[in-house]
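Please read the structure below before turning to the comments.
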Amino acid sequence: MGLDMYLTISEYVSKTTRDELRPDSPKANPVYEQLVNRRPSWVDKDSYQGISVSYPAGQWRKANGIHNWFVQNVQDNRDECQRSWVSPQNLRDLRDACEQVLFSHSEDTRPVQTVAEEVGLAPKSGFFFGSQEYDDWYFNDLRKTIRLINRLETSGVFDNAWVDIYYQASW
């Protein structure tokens with residue numbers, strides 16, 4: 001019980017692929033065929049041109065400052081456990097915000113609380129949301145978030161037109 005947060009990647013798998021030498025000639029995509037054949041009783045193979053497959057990309061537990069950032073910057077201040085699309089730029093902005101708070105923690109003369117409030121990473125209270133302190137858990141969540149975003153960016157997720165990123169929390 002408590003605040004659980006998930007980042008998922010949904011990848012579109014087309015029914016057909018194009019031959020690079022003959023782009024006007026589509027052919028069956030074996031990945032699509034393998035996926036739909038695993039669920040033949042409920043997949044309508046003829047009506048759709050592709051399917052989406054979701055993968056777990058990241059997860060947090062009671063990282064209420066990170067959750068607060070998503071609520072403010074992605075979910076239009078609506079905190080209803082809804083699934084929300086996240087742009088690569090959103091994630092870059094989140095990474096920058098995390099880096100600013102970590103910098104204030106280690107080297108800046110401004111209080112961490114002030115910087116966290118300015119960039120939207122102030123802890124958020126809620127039903128079993130965890131601590132609202134600026135403690136080791138808080139700073140470790142920021143570091144974990146930076147690593148996650150860096151991994152997604154360097155692996156090419158941000159440049160893949162067939163991929164969508166979603167955030168969702170539950171409690």
Side-chain angles (χ1 to χ4, degrees), residues 1-100 119-121 124 126-129 140-171:
M1 185 182 324
L3 177 63
D4 294 311
M5 306 146 51
Y6 307 95
L7 201 64
T8 57
I9 294 176
S10 179
E11 180 180 18
Y12 180 79
V13 179
S14 176
K15 187 176 187 175
T16 59
T17 60
R18 303 255 176 212
D19 185 331
E20 290 181 20
L21 299 175
R22 296 185 46 208
D24 59 334
S25 62
K27 54 185 173 178
N29 182 349
V31 175
Y32 174 87
E33 292 298 323
Q34 182 179 11
L35 290 170
V36 297
N37 285 333
R38 292 181 63 203
R39 302 288 186 256
S41 64
W42 55 269
V43 173
D44 182 357
K45 297 179 188 179
D46 299 321
S47 297
Y48 295 95
Q49 296 304 309
I51 58 174
S52 293
V53 180
S54 292
Y55 304 95
Q59 177 178 331
W60 301 263
R61 175 112 174 104
K62 296 186 180 184
N64 54 54
I66 303 294
H67 176 66
N68 189 27
W69 189 93
F70 277 108
V71 170
Q72 291 178 38
N73 295 280
V74 174
Q75 298 178 324
D76 296 323
N77 290 313
R78 212 175 90 232
D79 190 5
E80 300 172 352
C81 295
Q82 72 273 22
R83 183 177 185 226
S84 301
W85 180 79
V86 180
S87 73
Q89 188 58 50
N90 289 142
L91 292 177
R92 289 183 187 105
D93 293 344
L94 173 57
R95 179 182 54 204
D96 292 345
C98 291
E99 288 171 345
Q100 288 178 49
V119 300
L121 282 170
K124 179 179 176 62
F127 185 66
F128 289 106
F129 270 31
N140 287 335
D141 286 332
L142 299 183
R143 289 183 197 98
K144 175 183 177 177
T145 301
I146 292 168
R147 286 191 304 272
L148 165 64
I149 295 168
N150 286 342
R151 179 174 47 87
L152 294 177
E153 186 170 38
T154 58
S155 66
V157 169
F158 290 2
D159 300 320
N160 188 336
W162 300 102
V163 164
D164 285 311
I165 305 167
Y166 295 94
Y167 171 78
Q168 186 167 15
S170 67
W171 56 88

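Owing to the predicted nature of the structure, the values given are computational and were not obtained by experimental measurement.
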**OP:** Just jot down the side chain to side chain contact (heavy atoms under 4.5 Å, CB included) partners of Gln59, sequence neighbours excluded, or say none.
**Re:** Tyr6
Original post:
With sequence neighbours left out, what residues match Asn140 under side chain to side chain contact (heavy atoms under 4.5 Å, CB included)?
Top reply: Asp136, Arg143
Original post:
Which word best sums up how the rings of Trp171 and Phe129 line up, parallel for under 30°, tilted for 30 to 60°, or perpendicular for over 60°?
Top reply: perpendicular
Original post:
Listed by chain and number, what are the side chain to side chain contact (heavy atoms under 4.5 Å, CB included) partners of Ser87, not counting sequence neighbours?
Top reply: Trp85, Gln89, Asn90
**OP:** Could I get the full list of side chain to side chain donor-acceptor pair (under 3.5 Å) partners for Asp96, not counting sequence neighbours?
**Re:** none
Subject >> Residues forming a side chain to side chain donor-acceptor pair (under 3.5 Å) with Gln34, sequence neighbours excluded >> reply: none
Original post:
Who passes salt bridge (Lys or Arg N to Asp or Glu O under 4.0 Å) against Arg92, sequence neighbours left out?
Top reply: Glu153
**OP:** Of all the heavy-atom pairs spanning Leu148 and Ala57, show the shortest one and how long it is.
**Re:** CD1-O, 3.0 Å
**OP:** Search all heavy atoms of Glu80 against all heavy atoms of Gln82 and return the closest pair with its distance.
**Re:** N-OE1, 2.8 Å
Original post:
Of all heavy-atom pairs between Gln100 and Val119, which one has the smallest distance, and what is that distance?
Top reply: OE1-CG1, 3.2 Å
Original post:
For Tyr32, which residues count as a ring-ring contact (aromatic ring centres under 6.0 Å, His included) partner, sequence neighbours excluded?
Top reply: none
**OP:** List for me each residue that meets side chain to side chain donor-acceptor pair (under 3.5 Å) alongside Asp79, sequence neighbours excluded, and say none if there are none.
**Re:** His67
Subject >> All side chain to side chain donor-acceptor pair (under 3.5 Å) counterparts of Asn73, not counting sequence neighbours >> reply: none
Original post:
Between Trp60 and Thr145, does any side-chain donor sit less than 3.5 Å from a side-chain acceptor?
Top reply: yes
**OP:** With sequence neighbours excluded, tell me which residues meet side chain to side chain contact (heavy atoms under 4.5 Å, CB included) with Gln168.
**Re:** Arg83
